[in-house]
Amino acid sequence: EAQVTQNPRYLITVTGKKLTVTCSQNMNHEYMSWYRQDPGLGLRQIYYSMNVEVTDKGDVPEGYKVSRKEKRNFPLILESPSPNQTSLYFCASSLSGGDLSYEQYFGPGTRLTVT
Amino acid sequence: EDQVTQSPEALRLQEGESSSLNCSYTVSGLRGLFWYRQDPGKGPEFLFTLYSAGEEKEKERLKATLTKKESFLHITAPKPEDSATYLCAVLRGGSNYKLTFGKGTLLTVNP
């Protein structure tokens, strides 16, 4: 089954304790991205990766890092989480490329609480 | 800066009562406009992509249309299972495949 998977699905942690949220896709997609979703603010892009060689900041990159060492994986790293990073996080992937294949497919989400 | 405004914020319909959701956008060089459906606590589910003014797409009870300034998602004879938040997003032309999302319309269909 074609899908985007995220782990963990739920995470409660404390301020300053480094954590990683994994994202994997099995659709051979070039493009991957991370979003956070907060009430009243909608979905906002954190980082994106056009392919394994190109990664760049989205709208709200502060406090996050990403790594794209292989095509299928795109982990999100919080080096020193703070309470304002409490949110619902989504990973997404897209075929992208030169033709009209820009639909992004989303993972199930990771609900993160930082106390 | 790209902007996407969805209206209304919330819409309550009776089963069978058709209506439309609006998505107004401002973007430099639209490459595509997307509609997603999101159920509570789940990831957005892709519905449609529209690329140029005048284009229409249909799927079951849903029909999406696009003009140069806005898109409509028409829901014909909705059922309770159509209840969800509907998100609109735009993709700007250029090398960055960045989606800008609206805040969504929460649709509730009562039986």
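All values below come from the heavy atoms of this structure, side chains included, with hydrogens, waters and symmetry mates left out. Throughout, a chain's letter reflects where its sequence line sits, starting with A, and its residues are numbered from 1. This structure is a prediction, so every number in the text was calculated from the model and none was measured.
Linking Ile, Leu, Val, Met, Phe, Trp and Tyr residues whenever their side-chain heavy atoms come within less than 4.5 Å leaves A:Tyr35 and B:Val27 in two separate clusters. There is no path of hydrophobic side-chain contacts, each under 4.5 Å, that joins A:Val21 to A:Leu88. Note on A:Phe74: it clusters hydrophobically with A:Leu112, by side-chain heavy-atom contacts below 4.5 Å among ILVMFWY residues. Placement of A:Trp34 and B:Leu91 in two distinct hydrophobic clusters is found when ILVMFWY residues are connected by side-chain heavy-atom separations under 4.5 Å, directly or transitively. Both A:Val4 and B:Phe46 sit in one connected hydrophobic cluster of ILVMFWY residues. Membership requires side-chain heavy atoms under 4.5 Å apart, directly or through other members.
Nearest heavy-atom pair across A:Glu103 and B:Tyr51 is OE2-OH, 3.5 Å.
In terms of heavy-atom pairs under 4.5 Å with chain B, the best-connected choice from A:Asp59, A:Val54, A:Asp56 is A:Asp59. Most heavy-atom pairs under 4.5 Å with chain B: of the set A:Gly109, A:Ala92, A:Pro108, A:Gly42, this distinction falls to A:Pro108. Of the residues considered (B:Pro44, B:Gly41, B:Ala89), B:Pro44 shows the highest number of contacts with chain A, using heavy-atom pairs under 4.5 Å.
Within the model, atoms CD of A:Gln37 and CG of B:Leu87 stand 6.5 Å from one another, a figure rounded to the nearest 0.5 Å.
Annotation: A:Glu70, atom CD; neighbour count of heavy atoms from other residues, nucleotides and ligands within 6.0 Å is above 12. By the neighbour-count criterion of 12 heavy atoms within 6.0 Å, atom CD of B:Glu81 is densely surrounded, having more than that number from other residues, nucleotides or ligands. Within 6.0 Å of CZ in B:Arg61 there are more than 12 heavy atoms belonging to other residues, nucleotides or ligands.
Formation of a donor-acceptor pair under 3.5 Å by the A:Tyr48 side chain with backbone atoms of B:Leu99 is not found in this model.
Residue contact with chain A, scored on non-hydrogen atoms closer than 4.5 Å, is absent for B:Glu9. Residue A:Gln6 does not touch chain B at all, counting heavy-atom pairs closer than 4.5 Å. Neither the backbone nor the side chain of B:Phe48 has a heavy atom closer than 4.5 Å to any heavy atom of chain A.
Contacts between residues 101-111 of chain B and chain A, counted as heavy-atom pairs separated by less than 4.5 Å, involve B:Phe101, B:Lys103.
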